[in-house]
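Both backbone and side-chain heavy atoms feed into the values below; hydrogens, waters and symmetry mates do not. Residues take their numbers from the sequence shown, with the count starting at 1.
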Amino acid sequence: MMSDLEARLVEIVRATPTTMQVLRTVRDLDLPDWMIFSGAVYQPVFNSLTGRPLDYGIKDYDVAYHDDRDTSYEAEDVVIQRVAAAFEPPLRELVEVRNQARVHLWFEKKFGADEPYPALRSSAEALERFVATAFCVGVRLEADETLRVWAPFGLDDLFAMRLRPNPLRVKGAGGWARTTGSAKARWPEISVEG
């Protein structure tokens with residue numbers, strides 16, 4: 001049974017036309033263990049709560065999939081190109097696809113992470129790695145048009161517009177100040193704890 005906050009999240013996502021377009025297009029591509037997460041999911045909630053247009057502040061649409069059969073960049077690039085071909089500009093440039101089965105191969109080097117990034121077993125497991133609990137939410141549009149929601153830390157922080165450090169991350173790691181500062185600049189109503 002869906003919680004009240006989960007129902008509100010689903011209602012907000014359904015009311016965000018571009019997010020729904022991305023969900024429908026990616027669903028039809030039938031990627032393994034896919035979802036969209038990050039700003040394309042939590043930012044429409046912030047916007048709804050503050051009376052802004054639902055797509056305000058969304059810089060990209062993060063599409064995750066998990067396929068550990070081939071973790072080479074070449075295999076991932078085939079999927080990236082396939083997804084890109086399914087969209088017209090400007091969405092083509094805004095949809096970012098990553099195979100979560102290979103993130104551990106490049107994350108620490110790219111982001112200068114000061115904590116290990118172990119291999120992920122699923123796309124949902126990636127949600128446990130985001131810096132703030134409010135950001136740890138993903139959705140997938142199923143074949144029957146239902147929206148499936150993942151939120152390993154619940155949705156209370158998201159709907160309270162409260163950014164708290166992810167308790168599973170190393171304290172002070174992952175660009176906390178940069179990430180929360182960027183969010184606070186777009187949504188001054190956010191509270192930052194930690």
Side-chain angles (χ1 to χ4, degrees), residues 2-29 31 33-65 83-84 86-98 100 123-124 126-166 174-176 178-193:
M2 193 178 292
S3 72
D4 289 345
L5 291 182
E6 191 173 331
R8 285 178 67 193
L9 173 67
V10 166
E11 180 181 332
I12 292 166
V13 169
R14 285 194 183 285
T16 310
T18 307
T19 300
M20 287 304 298
Q21 180 182 350
V22 172
L23 283 165
R24 284 190 180 99
T25 301
V26 176
R27 176 194 59 194
D28 293 347
L29 295 172
L31 302 178
D33 186 23
W34 75 274
M35 69 175 63
I36 67 166
F37 55 35
S38 201
V41 180
Y42 72 79
Q43 291 172 359
V45 174
F46 289 171
N47 293 332
S48 175
L49 295 171
T50 60
R52 291 177 173 87
L54 292 177
D55 60 357
Y56 166 81
I58 298 177
K59 296 177 181 177
D60 55 37
Y61 297 84
D62 291 306
V63 175
Y65 73 98
V83 172
F87 290 97
E88 296 294 326
L91 270 181
R92 181 175 294 154
E93 291 75 33
L94 298 177
V95 174
E96 295 188 0
V97 183
R98 295 295 176 264
Q100 300 304 298
S123 289
L127 296 171
E128 298 173 6
R129 304 292 302 151
F130 295 168
V131 297
T133 54
F135 299 166
C136 301
V137 59
V139 296
R140 177 171 62 217
L141 186 66
E142 301 291 359
D144 66 359
E145 291 293 313
T146 60
L147 272 173
R148 182 166 178 199
V149 175
W150 287 266
F153 301 104
L155 296 170
D156 290 341
D157 284 346
L158 174 60
F159 280 92
M161 296 186 71
R162 178 176 49 238
L163 301 186
R164 291 184 310 128
N166 179 338
W176 175 256
R178 175 183 39 80
T179 302
T180 57
S182 173
K184 185 90 171 148
R186 287 177 281 163
W187 296 276
E189 302 89 346
I190 289 172
S191 65
V192 179
E193 301 176 9

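Contact of the Arg92 side chain with the Pro89 side chain is registered, since non-hydrogen atoms from C-beta on lie closer than 4.5 Å. No side-chain heavy atom of Arg164 sits under 4.5 Å from any side-chain heavy atom of Asp156. Residues Thr16 and Asn47 are not in side-chain contact: their nearest non-hydrogen atoms beyond the backbone lie 4.5 Å or more apart. At least one side-chain heavy atom of Thr25 sits under 4.5 Å from a side-chain heavy atom of Gln21.
The distance from the CZ atom of Phe87 to the CG atom of Leu94 is 10.0 Å, given to the nearest 0.5 Å. To the nearest 0.5 Å, atoms CG (Leu29) and OH (Tyr65) are separated by 11.5 Å. Atom OG1 of residue Thr146 and atom CE of residue Met2 lie 8.0 Å apart, to the nearest 0.5 angstrom. Here the CG-CZ distance, from Leu163 to Phe135, works out to 4.5 Å after rounding to the nearest 0.5 Å. We find the CD-OG distance between Gln43 and Ser38 to be 7.0 Å, quoted to the nearest 0.5 Å. Distance check, rounded to the nearest 0.5 Å: CZ of Arg162 to CD1 of Ile190 gives 12.5 Å.
No hydrogens or angles considered: nothing links the side chains of Arg178 and Ser182 as a donor-acceptor pair under 3.5 Å. A donor-acceptor pair shorter than 3.5 Å cannot be found between the side chains of Thr18 and Asp55.
Under the 3.5 Å distance criterion, the side-chain polar atoms of Arg98 are left unmatched by any main-chain donor or acceptor of Ala64. Of the possible polar contacts, none joining the Asp157 side chain to the Ala134 backbone as a donor-acceptor pair under 3.5 Å is found. Here the side chain of Arg27 pairs no donor or acceptor atom with the backbone of Leu141 at under 3.5 angstrom. Using a distance-only test at 3.5 Å, with no hydrogens or angles considered, no donor-acceptor pair links the side chain of Ser48 to the main chain of Pro44.
Counting non-hydrogen atoms of neighbouring residues, nucleotides and ligands closer than 6.0 angstrom, the NZ atom of Lys59 reaches no more than 12 such neighbours.
For Trp150, there are no ring-ring contact (aromatic ring centres under 6.0 Å, His included) partners, not counting sequence neighbours.
Nearest heavy-atom pair, Pro188 versus Lys184, reported as atom, atom and distance to 0.1 Å: O-NZ, 2.9 Å. Closest approach of Leu127 and Cys136 over heavy atoms only: O-SG, 3.0 Å. Minimum heavy-atom separation, Asp60 to Ala40: O-CB, 4.1 Å. In terms of heavy-atom proximity, Trp176 sits nearest to Glu193 at CZ2-O, 3.5 Å. Residues Leu158 and Tyr42 share a closest heavy-atom pair of CD1-CB, 3.5 Å. Considering all non-hydrogen atoms of both residues, Glu189 and Thr50 come closest at CD-CG2, 3.5 Å.
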- Message: Apply side chain to side chain contact (heavy atoms under 4.5 Å, CB included) to residues Val137 and Val45 and explain how you reach the verdict.
- Response: CA-CA 11 Å; Val137 59; Val45 174; over 6 Å; no

- Arg24 vs Glu145, salt bridge (Lys or Arg N to Asp or Glu O under 4.0 Å): CA-CA, chis, key distance, verdict: CA-CA 9 Å; Arg24 284 190 180 99; Glu145 291 293 313; 3.7 Å; yes

- So Leu23 and Tyr61, side chain to side chain contact (heavy atoms under 4.5 Å, CB included) or not? Walk me through it. CA-CA 10 Å; Leu23 283 165; Tyr61 297 84; over 6 Å; no

- Message: Working note: Asn166 + Val131, criterion side chain to side chain contact (heavy atoms under 4.5 Å, CB included); need CA distance, chi angles, decisive distance, verdict.
- Response: CA-CA 5 Å; Asn166 179 338; Val131 297; 5.8 Å; no

- How far apart are the C-alpha atoms of Val41 and Thr19, what are their side-chain angles, what is the distance that settles it, and do they pass the side chain to side chain contact (heavy atoms under 4.5 Å, CB included) test? CA-CA 8 Å; Val41 180; Thr19 300; 5.7 Å; no

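Ring geometry for Trp187 versus Phe46: interplanar angle over 60°, hence perpendicular rather than tilted (30 to 60°).
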